[in-house]
Protein chains: 2
Amino acid sequence: MVSRAESAAATRRALLDAAGELLDSGGPDAVTLRAVGARAGVTRGAPYRHFPDKDSLLTTVAAEALDRLADQVRAVCAERASPADTLHRALAALMTIGRCRPHLYRLMFTAPTGDPVAVEAAVRAGERAMDEFLTVVGDLVGAPHVRRFAALLLAGAHGITDLEVNGHLSPDKWHVTTEELVSTLVSVIEVRTRNE
Amino acid sequence: MVSRAESAAATRRALLDAAGELLDSGGPDAVTLRAVGARAGVTRGAPYRHFPDKDSLLTTVAAEALDRLADQVRAVCAERASPADTLHRALAALMTIGRCRPHLYRLMFTAPTGDPVAVEAAVRAGERAMDEFLTVVGDLVGAPHVRRFAALLLAGAHGITDLEVNGHLSPDKWHVTTEELVSTLVSVIEVRTRNE
DNA sequence: TCGTTCAGGTGACAATGTCATCTGAACAGG
DNA sequence: CCTGTTCAGATGACATTGTCACCTGAACGA
């Protein structure tokens, strides 16, 4: 029925899911190899059959999340809405992760650690997500300064999200919502590119 | 010669400095209460005479760093250069921390944890730093949308810094330096405000 | 002078990451 | 069908860490 390879793959998946769920519910401190194992139905030593160490497990969680983000951006891009709309939705995908899964969001944008193989995978996934963003911005901005404005948009949206995630953007102090900030950011750059 | 209160204050200072130095040299994992104590010339239990727990110690380190940042921005502001120059230097103060002391930078912008007293101090220090930024931006932008643009500038600079700190802004991929990004960000907002 | 306070030292404990070792079942080859 | 191998998982053990209870001695106030 279930081959050994299938069972092992299922366990690996369960471990990654368990780590993500623990991260969401209790923050990084709650992600214990023992807890991850328990939630995945195995014991504390089992994860070492699938990941070299804890860091590599978490880095793989981040890599998968970055991959999903890249897929989302690509999907938004495929909808072929107006370039401005597409950009807004792509940035919204990023910020939704920050709002719904703040600890995962932090993990995604933290320098990956652990086994070189896992690190490499995370780096590649991150670059893929950024490349997708690049094509989105490419439809909005002329070729000469795509990279500059794409980096600026990405950094801006990330900064807004990160500040909000960490509670540094209380609306009653700044009189702005994160949505308004992103809108302002995008429009400001649109104005700039039209003026060139 | 040295009163008991003086000695205690000196130890407290030594603990905070030791924590900062360990954070710089070895990252968060290197900040061990035992290591902090050793570097401060005391043993592992001594920190508990000055901080309720480890989180509160680190939160206090962050609070002091935010306070220093606020002082720097205020000092820049007092130089009375051109508003644009002042803004650039204020943002540079922020980004310099990120480049020179990346782990401390991360600590500063992470939601504070630990004892409510320490958390309160960190929140207040963070708000003070932001208020200083607000006055800097106020000299550049008209009153109606100061907060919005101040938040945008701060979030943008923070996003750029955070991405760079975590290695997500390799210049050969994006063809941009962080300085160029900040310049673009500032000029883009200047254009916008002039058009209103 | 004497009792108090309190910074600091010390032993102990539970939790955790990690490893060496063991076990049993799924596999390959005859 | 039998047999040896491989490998996922279990288990025991160890060092490290945060944290606490308890102890000590010296600086203090009266």
Side-chain angles (χ1 to χ4, degrees), chain A residues 1-19 21-23 25-62 103 107 112-119, chain B residues 1-19 22-23 25-62 103 107 110 112-119:
Chain A
M1 175 85 111
V2 282
S3 75
R4 182 159 60 169
E6 283 170 326
S7 155
T11 301
R12 186 188 145 96
R13 185 94 295 277
L15 287 169
L16 289 168
D17 292 342
E21 291 162 14
L22 287 169
L23 189 66
S25 58
D29 292 346
V31 183
T32 291
L33 280 186
R34 285 162 165 84
V36 170
R39 185 173 263 261
V42 293
T43 55
R44 86 239 146 168
Y48 287 92
R49 292 289 141 190
H50 303 270
F51 306 94
D53 53 23
K54 185 187 180 182
D55 283 349
S56 303
L57 167 64
L58 286 176
T59 296
T60 306
V61 171
H103 297 111
L107 186 64
T113 58
D115 186 76
V117 176
V119 170
Chain B
M1 174 91 105
V2 281
S3 75
R4 183 160 58 169
E6 282 171 327
S7 157
T11 301
R12 185 188 147 95
R13 185 95 294 278
L15 288 169
L16 289 167
D17 293 343
L22 287 169
L23 189 67
S25 57
D29 292 346
V31 183
T32 291
L33 280 185
R34 285 161 166 85
V36 170
R39 186 173 261 262
V42 294
T43 55
R44 85 235 151 175
Y48 286 92
R49 293 290 141 190
H50 303 272
F51 305 94
D53 53 23
K54 186 187 179 183
D55 283 348
S56 304
L57 167 64
L58 287 176
T59 297
T60 305
V61 171
H103 296 110
L107 186 64
T110 301
T113 57
D115 186 77
V117 176
V119 171

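Letters A, B, ... are given to chains in the order of the sequence lines, protein chains preceding strands, and every chain is numbered from 1.
With rounding to whole Å, A:Leu57 atom CG is found 15 Å from C:dT16 atom C1'. Computed from coordinates, the A:Asp53 CG to C:dT16 P distance equals 17 Å when rounded to whole Å. A:Asp29 has its CG atom 10 Å from the P atom of C:dG17, to the nearest Å. In this structure, the NZ atom of A:Lys54 is 15 Å from the P atom of C:dA15, given to the nearest Å. One atom, CG of B:Leu22, and another, P of D:dT17, lie 11 Å apart when rounded to the nearest Å. If you take CG of B:Leu58 and C1' of D:dT17, they are 14 Å apart, rounded to a whole angstrom. For the pair B:Tyr48 OH and D:dC22 C1', the interatomic distance rounds to 16 Å; values are reported in whole Å. A straight line from CG of A:Leu33 to P of D:dA10 spans 14 Å, rounded to a whole angstrom.
The two atoms that bring B:His103 and B:Leu23 nearest to each other are ND1-O, 3.3 Å, heavy atoms only.
Rounded to the nearest 0.5 angstrom, B:Leu107 CG and B:Thr59 OG1 are separated by 7.0 Å.
Counting any heavy atom pair closer than 4.0 Å across all strands shown, B:Val36 reaches no nucleic acid atom.
A 4.5 Å side-chain heavy-atom check between B:Phe51 and B:Val36 finds every atom pair outside the cut-off. Using a 4.5 Å heavy-atom cutoff, the side chains of A:Leu57 and A:Leu33 are in contact. Inter-residue side-chain proximity for A:Leu15 and A:Val42 is flagged as met; some heavy-atom pair is nearer than 4.5 Å. Counting heavy atoms from C-beta outward, A:Leu16 and A:Glu21 have side chains that stay 4.5 Å or more apart.
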Completion exercise
A correct 5'-to-3' footprint of nucleotides 7-13 of chain C, with B, S and - meaning base, sugar-phosphate only and no protein heavy atom under 4.0 Å, is BBSBBB-
